Amino acid sequence: MLPYYLLIGVPMLLSLASYSDDRRVVNKKFPLLVFFLLFILLLSLRSVSCGIDLMNYRNKFNHPRSIGFFSLFDFSITEPGFLLFTAVCKNTTNSFQFYLFLCALLSLVPIMVLYLKESSHNLLTIALFVGIAPFSMFFSGLRQSIAMGIGAVCYYCCREKKPFSFLLLVFLAYLFHQSSIILLLMYPLIHLKITKKWIPLVVAVVAVCFLFRNQIFGYALQFSDKYESRYVISETGSYTFFILLLLLTVYSFAMLKDSEFEAFDLRNILVFTLILQSFALSNTVAMRLNYYYLIFIPLLIPRVIDCARTELRQVARVSSAVFVCFFVFWFFKEAYTGADILHVFPYVPFWKNLWW
């Protein structure tokens, strides 16, 4: 577990130092930069036993499917972008470890750049990332992780109102993982202005989705033969995470003023994650769809704290420290006592399994 303690502990120690805003690299966001560089390093040096799907990915890397550029537009092929990427890496490097490094870069660098530009709370963003964002997925789901990285770039296209670029990026993400089609909803979500007047409607929608989640999501799965055949409607036991997202939603509405329009786009995304999580109570597909949007919560909560109503500024400052302590504790609690479905804990470097 030492690598995970270093991953979080080193940025914490660095945050105690004083930094000048004039410097381009070693500035106030340096701890956040170090966190992501360490995370990329961990992903690059991990063993195939650290991530439940890595053995399958290594087999596919060693025996890549022959595919050309124009196959990207052949819709009879499932996720041809990732197949082409794997084939190119195999033919040029023939190193699975370097392949993992490239996957880590494609997955995390867009998210890292987004966080460095948009967040002013290093430790809070780190704590939320390991506690709320799909941290474990980066160790196991190479295809979806890359698609999530592309999703971070999609956010800029939405905010800058570049629909054509946005659609191209969604198509690119779709070539890596079909679930990324859910990113199409990001554009309207970003531009909605859900104020407190919308709260009754939001409550009603969440309640309906929660109560009729089996029927609604079961109907939605009929439109995808791939997922309908692989996943069934059943209780997943994700109630704790649903309650956590619900509390964060209530917190964001209570703390923000209706005049803080710049934070509305991320708050809209939080509301959508709550709706998707209500379906995730019954089906793991919904949880995977939610991964694309959960990566934005580490940006929302710091922004809510910065833009809190005047009379709640003190509460905002206290809640920031509470969130850091809680989500770091949550991360390590899950590491030691959680189900660890993706086989992420403890961390295993590649040199411990060189005989595999």
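Given the structure is predicted, the values throughout are model-derived calculations rather than measurements.
Under the rule for a ring-ring contact (aromatic ring centres under 6.0 Å, His included), the partners of Phe323 that lie at least two apart in sequence or sit in another chain are Tyr251. The salt bridge (charged side-chain N to carboxylate O under 4.0 Å, His left out) test applied to Glu334 returns no partner, not counting sequence neighbours. Not counting sequence neighbours, the partners of Arg309 by the salt bridge (charged side-chain N to carboxylate O under 4.0 Å, His left out) test are Glu311. For Thr125, the side-chain contact (heavy atoms from CB on, under 4.5 Å) test picks out Leu32, Tyr115, Ser119, Pro298, Pro302, with sequence neighbours left out. Residues passing the side-chain contact (heavy atoms from CB on, under 4.5 Å) test with Pro64 are Ala87, Lys90, sequence neighbours excluded. Considering only residues two or more places apart in sequence or on other chains, Lys60 meets the side-chain contact (heavy atoms from CB on, under 4.5 Å) condition with none of them. Residues meeting the side-chain hydrogen bond (donor to acceptor under 3.5 Å, both in side chains) test with Arg313, sequence neighbours left out: none. Contacts of Ser15 classified as side-chain hydrogen bond (donor to acceptor under 3.5 Å, both in side chains), with partners at least two apart in sequence or in another chain: none. Looking at residues two or more places apart in sequence or on another chain, you find no side-chain hydrogen bond (donor to acceptor under 3.5 Å, both in side chains) involving Thr195.
For the side-chain hydrogen bond (donor to acceptor under 3.5 Å, both in side chains) condition, the pairs that include at least one residue of residues 147-158, sequence neighbours left out, are Tyr155-Asp265. Listed by first and then second residue, the salt bridge (Lys or Arg N to Asp or Glu O under 4.0 Å) pairs involving residues 147-163 are Glu118-Arg159 (not counting sequence neighbours).
Among the candidates Phe39, Phe345, Phe35, the single residue satisfying the ring-ring contact (aromatic ring centres under 6.0 Å, His included) test with Tyr4 is Phe345.
Aromatic pair Phe139/Phe135: centroids less than 6.0 angstrom apart. Taking the six-membered ring for Trp and the full ring otherwise, the centers of Phe350 and Phe96 sit at least 6.0 Å from each other.
Nearest heavy atom pair, residue Leu54 against residue Ser47, reads CD1-O, 3.5 Å. Scanning all heavy atoms of the two residues, the minimum distance from Met1 to Pro346 falls at SD-CA, 4.0 Å. Here the closest heavy-atom approach between residue Phe327 and residue Gly131 is recorded as CD2-CA, 4.1 Å.
No continuous path of ILVMFWY side-chain contacts below 4.5 Å connects Leu33 to Leu13, so the two sit in separate hydrophobic clusters. Under the 4.5 Å side-chain heavy-atom criterion for grouping Ile, Leu, Val, Met, Phe, Trp and Tyr, Phe329 is not connected to Phe332 through any hydrophobic cluster. Each of Tyr187 and Leu168 belongs to its own hydrophobic cluster when Ile, Leu, Val, Met, Phe, Trp and Tyr are linked at side-chain heavy-atom distances under 4.5 angstrom. By the rule that hydrophobic residues join a cluster once side-chain heavy atoms approach within less than 4.5 Å of another member, Val324 and Tyr5 end up as members of one cluster. One hydrophobic cluster holds both Leu2 and Tyr347 under the rule that ILVMFWY side chains link at heavy-atom gaps under 4.5 Å.
A heavy-atom distance below 4.5 Å is found between the side chains of Ile269 and Ile190.
Inspection of the Tyr57 and Arg143 side chains reveals an N or O donor paired with an N or O acceptor under 3.5 Å.
Through side-chain heavy atoms spaced under 4.5 Å, either directly or across other Ile, Leu, Val, Met, Phe, Trp or Tyr residues, Val318 is tied to Val322.
When atom types are taken as modelled, the side chain of Tyr292 and the backbone of Ser180 share a donor-acceptor pair closer than 3.5 angstrom. Under the 3.5 Å distance criterion, the side-chain polar atoms of His191 are matched with a main-chain donor or acceptor of Cys158. One N or O on the side chain of Gln97 and one on the backbone of Arg46 form a donor-acceptor pair closer than 3.5 Å.
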(message) The test is side-chain hydrogen bond (donor to acceptor under 3.5 Å, both in side chains); show your working for Tyr99 and Thr93 and say whether it passes.
(response) CA-CA 8 Å; Tyr99 173 69; Thr93 70; over 6 Å; no
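Relative to the six-membered ring of Phe264, Arg267 meets both conditions, a distance below 6.0 Å and an angle of at most 45° to the axis.
The environment of Leu16 atom CG is dense: over 12 non-hydrogen atoms of other residues, nucleotides or ligands sit within 6.0 angstrom. Atom CZ of Phe212 has 12 or fewer heavy atoms from other residues, nucleotides or ligands within 6.0 Å. A 6.0 Å sphere centred on NZ of Lys196 holds more than 12 heavy atoms belonging to other residues, nucleotides or ligands.
With values rounded to the nearest 0.5 angstrom, Ile199 atom CD1 is found 10.5 Å from Ile194 atom CD1. To the nearest 0.5 Å, atoms CG (Leu183) and CG (Leu172) are separated by 11.0 Å.
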